[in-house]
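Protein chains get the first letters and strands the later ones, always in sequence-line order, with residue 1 at the start of each. Values in this document were obtained by computation on a predicted structure and should not be read as measured data. Below, all heavy atoms of this structure are taken into account, side chains as well, without hydrogens, waters or symmetry copies.
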Number of protein chains: 2
Amino acid sequence: MPIRVTVDIVIFTIQSGDLQVLLVRRGIEPYKGRWAIPGGFVLEQESLEQAALRELREETGVTDVYLEQLYSFGDPKRDPRGRTVTVAWFALVDAERALQAGTDAAEARWWSVQHRPPLAFDHASILDYALERLRNKLEYTTVGFQLLPDKFTLGDLQKVYEAILGRALDKRNFRRKIGLLGILKPLDELRSEGGRPARLHRFSARKFEKLKDKGILFPF
Amino acid sequence: MPIRVTVDIVIFTIQSGDLQVLLVRRGIEPYKGRWAIPGGFVLEQESLEQAALRELREETGVTDVYLEQLYSFGDPKRDPRGRTVTVAWFALVDAERALQAGTDAAEARWWSVQHRPPLAFDHASILDYALERLRNKLEYTTVGFQLLPDKFTLGDLQKVYEAILGRALDKRNFRRKIGLLGILKPLDELRSEGGRPARLHRFSARKFEKLKDKGILFPF
DNA sequence: CTATAATAGTGTCTGAAAGACACGAACGCC
DNA sequence: GGCGTTCGTGTCTTTCAGACACTATTATAG
């Protein structure tokens, strides 16, 4: 049963309030010239997660990001060259690191998930599935914070949620819910952007762990 | 990269208020004599889901059940014979069909998830993961109904929830929530079991679809 | 220097859902 | 006919979610 195993990684980021995904242009057949989700073969001596991390590093230069296994796709005809099973993952990188990712040697660039090009193989299904998972996870986990740099304003955070959910949120209700979680540490630092300066905050992993220990999950 | 791909299926049922899992005893090395989650190799021309359904049928004779992909496990050392990646699934069968499953040729039997034996390979991790997923899904989907036969009483349904969640639920609150969903059709049929007879109900897939169309999920 | 445009930050009310809680009803069995 | 067993039902209180509008602080343009 010579089945080849690959990993594909759907990498999301947020750029100026728009949810984007990193795609690479294929240089070889099949689907030459088509855009595809970055990925590659699993090596003999590495775990699936190690393979995903390696591909992520190789294709984007990015490391130390949120990474989560998504689903495995194994339709016998999904690759015309022969039987492959792919273990799909999704990754979240913040806007600062995202810049470095898009500028690598290989032809890779960020695409708005709204206006993405046609994709190779069954990658459209994989991307759709990743989007669905991201939206769901947003509501009961802290994945939203993974898309922001270390310090951010509450407005930044709200824009992340709005970009992923694709709808506007009420500012006061949003801030109340965030506040109730008690996992943000306000900093003595402001940032100015053409209006009243906004206070910067930092995600407090310490407080978050305490909540998890108590079995409290996220009420978004 | 000769990686072999398998599927393993964690099959749950409920027997007299106890959550049980189907295990098979291994007849060959490695782990000969140890209990394991049923599974097998993915064939050249079948999808992952078809492989899972085939194994389910071969090992338990059971068909037409709830089946959902769980996670893929691919640690390089998970099988001492060589590199394998397994795509794990979980399945739910109702008590009536479960009886037929346990009595097949191969040495297979139901084990309480509370008192399970040591398992082969990394199957303990897989089972734990399946349990976690099942508990989570119970709270916002209708998987609980999959563990019951066509007709059931509200008491039966509550026992399913209690067995999976591992704690007692308030009868009145439980029934109110079920009632609000409006997805059960009360039948003109009672069942007697040593007390006041209980009304039988049937899961109404029609009403359920209407709710899904409206984007209403399950508030458990 | 004053006016204006832009973004930040803040509290109340109302409706819905969740959890705690106790008793009468219908049957089988002795 | 009494007792044991399971079925079936309603209220109150608390918590959470959503709708809703104004003042505060800065930069910039006139």
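Checking A:Ser125 against A:Asp122 by side-chain atom types alone, no donor-acceptor pair falls below 3.5 Å. For the residue pair A:Asp75 and B:Ser47, no side-chain donor N or O sits within less than 3.5 Å of a side-chain acceptor on the partner.
A:Arg191 contributes no side-chain N or O that forms a donor-acceptor pair with the base of C:dT7 under 3.5 Å. Applying the 3.5 Å distance criterion, the base of C:dG19 shares no donor-acceptor pair with the side chain of B:Arg172.
Relative orientation of the A:Trp111 and A:Trp35 rings is perpendicular, given thresholds of 30° and 60° on the angle between their planes.
Ion pair B:Glu46/B:Arg54 flagged as a salt bridge, since at least one NZ, NE, NH1 or NH2 atom sits closer than 4.0 Å to an Asp/Glu carboxylate oxygen.
Looking at which nucleotide of DNA chain D each of B:Gly155 and B:Asn173 is closest to, the 5′-most match is held by B:Gly155.
Distance check, rounded to the nearest 0.5 Å: OH of B:Tyr66 to NZ of B:Lys137 gives 4.0 Å.
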Reading nucleotides 22-30 of chain D 5' to 3', which nucleotides get B (base under 4.0 Å from a protein heavy atom), which S (sugar-phosphate only), which -?
--BBB----

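The phosphate of C:dG9 (OP1 or OP2) has a side-chain N or O of A:Arg175 nearer than 4.0 angstrom.
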Residues B:Glu189, B:Arg191; criterion salt bridge (charged side-chain N to carboxylate O under 4.0 Å, His left out); working and verdict
CA-CA 7 Å; B:Glu189 209 174 334; B:Arg191 194 212 301 155; over 6 Å; no

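Across all strands, A:Arg199 comes closer than 4.0 Å only to sugar-phosphate atoms, never to a base (heavy-atom distances).
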